[in-house]
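Note that these values count all heavy atoms, side chains included, but never hydrogens, waters or copies made by symmetry.
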Amino acid sequence: MAVAQPEPGAGRGALDPLRSLLHSISSGLSVTELSDMKFLCRNKIGKGKLDRAQDGLGLFDILIEHQEITKDNLELLKELLQHIRRRDLLSQVVQFEEGEPHAPDDQPDEHEKRRLKAAVDVICDNVGREWKRLMRELGMPEVKLDRIEEAYPRRLYEQLVQALREWQKWKGKDAKASDLITALRSCKLNFVADKVEEKISQLNTGTR
């Protein structure tokens, strides 16, 4: 029998960042939007249980209980907010993901962060339909790629942006621009790899 893991921050007098986020989202939902979200969850949670949720927090508690929402997986929450067209609330979730991917000592140093940003900018502007092939080469699980594709249908640029963001979160301090270049060349995307190397070279010499 699995032992339940404590909530982040529990017992240490600290607010759980995820619950703070969910509280903020819940307070911004209308009755109609809550109803729509509950309806969209029926393929995952029984109607009877969903009907007992009187507000957003009640719904989120159920989804946490069923592990449909976790600190490291907010894809369902983002999909729900996208379906009810609450881009303002969706942006809160994205900011949460960007702000807390890893502890400060588990992130690339500032020099590598600049190299990564330059590489990602070039890749997002030049890799289209080949994005899943590239992410597979980087070792991303197929299920994660499918989830991103479903969350952003027919939006190749956004799919790639989200996939690269997930890759950087996954790799933490081990995320390297050189790995992106190697993966591009393995996918025969040498033109893009050359552009990335050129951009990083400009960065290193302080030119644009």
Side-chain angles (χ1 to χ4, degrees), residues 36-37 40-41 43-44 68-102 106-108 111-204 207-208:
D36 289 344
M37 290 176 74
L40 291 167
C41 289
N43 65 321
K44 299 179 181 294
E68 295 291 346
I69 289 179
T70 69
K71 186 173 184 291
D72 297 319
N73 184 0
L74 299 174
E75 292 305 316
L76 176 61
L77 178 60
K78 290 192 292 186
E79 289 175 31
L80 292 172
L81 294 173
Q82 189 174 11
H83 273 294
I84 65 171
R85 295 182 174 84
R86 287 301 303 270
R87 294 186 179 278
D88 55 329
L89 299 180
L90 177 60
S91 69
Q92 288 187 34
V93 180
V94 172
Q95 287 172 15
F96 175 87
E97 290 181 319
E98 290 176 343
E100 293 197 340
H102 289 275
D106 195 23
Q107 294 184 23
H111 175 66
E112 190 61 42
K113 281 183 180 178
R114 288 193 292 272
R115 288 164 54 87
L116 279 166
K117 184 181 185 308
V120 166
D121 287 347
V122 172
I123 290 170
C124 288
D125 286 339
N126 292 276
V127 176
R129 296 184 182 279
E130 295 290 319
W131 75 271
K132 290 184 82 171
R133 182 181 173 196
L134 173 63
M135 299 316 299
R136 290 188 193 103
E137 192 65 36
L138 288 165
M140 287 281 285
E142 196 71 27
V143 64
K144 200 173 274 288
L145 300 181
D146 290 343
R147 190 181 296 138
I148 291 170
E149 192 170 40
E150 290 169 8
Y152 302 93
R154 297 182 298 281
R155 294 163 60 190
L156 288 175
Y157 182 87
E158 191 63 30
Q159 289 168 359
L160 178 53
V161 169
Q162 295 299 326
L164 288 168
R165 184 175 291 153
E166 287 288 326
W167 174 76
Q168 290 184 75
K169 285 168 56 181
W170 172 49
K171 297 290 287 185
K173 65 184 177 184
D174 294 325
K176 299 281 189 286
S178 58
D179 292 339
L180 295 173
I181 294 169
T182 299
L184 286 167
R185 296 204 182 283
S186 295
C187 293
K188 303 294 188 279
L189 296 169
N190 291 310
F191 172 72
V192 185
D194 290 344
K195 287 178 75 73
V196 170
E197 289 182 333
E198 180 183 354
K199 183 77 171 179
I200 289 175
S201 176
Q202 292 172 355
L203 188 69
N204 291 338
T207 60
R208 291 184 178 270

* To do: Output the distance between atom OG (Ser91) and atom NZ (Lys78), rounded to the nearest 0.5 Å.
  => 12.0 Å

* To do: Measure from the side-chain N and O atoms of Glu137 to the backbone N and O of Cys187, and report whether any donor-acceptor pair falls under 3.5 Å.
  => no

* Given the rule in the salt bridge (Lys or Arg N to Asp or Glu O under 4.0 Å) test, do Lys195 and Asp125 qualify, once you have shown the distances and angles that lead to the verdict? -> CA-CA 11 Å; Lys195 287 178 75 73; Asp125 286 339; over 6 Å; no

* **Side-chain heavy atoms of Arg136 within contact of Leu145, under 4.5 Å** => yes

* Asked: Would a distance-only check, ignoring hydrogens and angles, find a side-chain to backbone donor-acceptor pair under 3.5 Å from Asn126 to Val122?
  -> yes

* Take atom CZ in Arg155; do more than 12 heavy atoms of anything else shown fall under 6.0 Å from it? -> yes

* Could you tell me the separation between the NZ atom of Lys113 and the NZ atom of Lys117, rounded to the nearest 0.5 Å? => 13.0 Å

* Structure fact -> Closest non-hydrogen atoms of Glu112 and Ala177, given as atom of the first, atom of the second and distance, are OE2-N, 2.8 Å

* Which value, rounded to the nearest 0.5 Å, describes the distance between Asp179 atom CG and Lys171 atom NZ? -> 6.0 Å

* Asked: Can you find a pair of side-chain heavy atoms, one from Leu189 and one from Glu130, that are under 4.5 Å apart?
  -> yes

* Under 4.5 Å between any side-chain heavy atoms of Arg133 and Lys188, yes or no? -> yes

* Heavy-atom check, side chain of Val196 versus side chain of Leu180, under 4.5 Å -> no

* Where is the tightest heavy-atom contact between Lys176 and Leu116, given as atom of each residue plus distance? -> C-CD2, 3.7 Å

* Asked: For Glu197 and Arg185, what are the C-alpha separation, side-chain angles and deciding distance, and is it a salt bridge (Lys or Arg N to Asp or Glu O under 4.0 Å)?
  -> CA-CA 12 Å; Glu197 289 182 333; Arg185 296 204 182 283; 3.0 Å; yes

* **Atom of Val127, atom of Leu160 and distance for their closest heavy-atom approach** => O-CD2, 3.3 Å

* To do: Apply side chain to side chain contact (heavy atoms under 4.5 Å, CB included) to the pair Lys132 and Ile148, showing each step before the final yes or no.
  => CA-CA 10 Å; Lys132 290 184 82 171; Ile148 291 170; over 6 Å; no

* Min side-chain heavy-atom separation Gln168-Val120 under 4.5 Å -> yes

* Structure fact -> dist Gln92:CD -> Arg87:CZ (nearest 0.5 Å) comes out at 15.0 Å

* **Note, Leu80 side chain near Arg86 side chain (heavy atom, < 4.5 Å)** => no

* Could you go step by step and tell me if Gln159 and Glu150 meet the side chain to side chain contact (heavy atoms under 4.5 Å, CB included) rule? -> CA-CA 9 Å; Gln159 289 168 359; Glu150 290 169 8; over 6 Å; no

* **Between Glu158 and Gln162, a side-chain donor and acceptor under 3.5 Å** => yes

* Asked: Is Glu166 close to Met135 at the side-chain level, that is, under 4.5 Å between some pair of heavy atoms?
  -> no

* Heavy atoms only: give me the nearest Asn43-Leu40 pair and the separation to one decimal. => OD1-O, 3.2 Å

* Asked: What closest approach, in Å, do Ala163 and Met140 show between heavy atoms, and which atom pair accounts for it?
  -> O-CE, 3.9 Å

* What's the verdict on side chain to side chain contact (heavy atoms under 4.5 Å, CB included) for Ile200 and Ile181, showing C-alpha distance, side-chain angles and the deciding distance? -> CA-CA 11 Å; Ile200 289 175; Ile181 294 169; 4.3 Å; yes

* Do you know which two heavy atoms are closest between Cys124 and Leu164, and how far apart they sit? -> SG-CD1, 3.8 Å

* Asked: Side chains of Ile84 and Leu89: does their closest heavy-atom pair fall under 4.5 Å?
  -> no

* How many angstroms lie between CZ in Arg85 and CG in Asp36, if you round to the nearest 0.5 Å? -> 10.0 Å

* To do: In plain terms, say whether Lys144 and Glu75 are close enough for a salt bridge, that is, a side-chain N and a carboxylate O under 4.0 Å apart.
  => no

* Roughly how far apart are Leu76 CG and Ile69 CD1, rounded to 0.5 Å? -> 6.0 Å

* May I have the step-by-step check of side chain to side chain contact (heavy atoms under 4.5 Å, CB included) for Leu134 and Trp167, ending in yes or no? => CA-CA 11 Å; Leu134 173 63; Trp167 174 76; over 6 Å; no

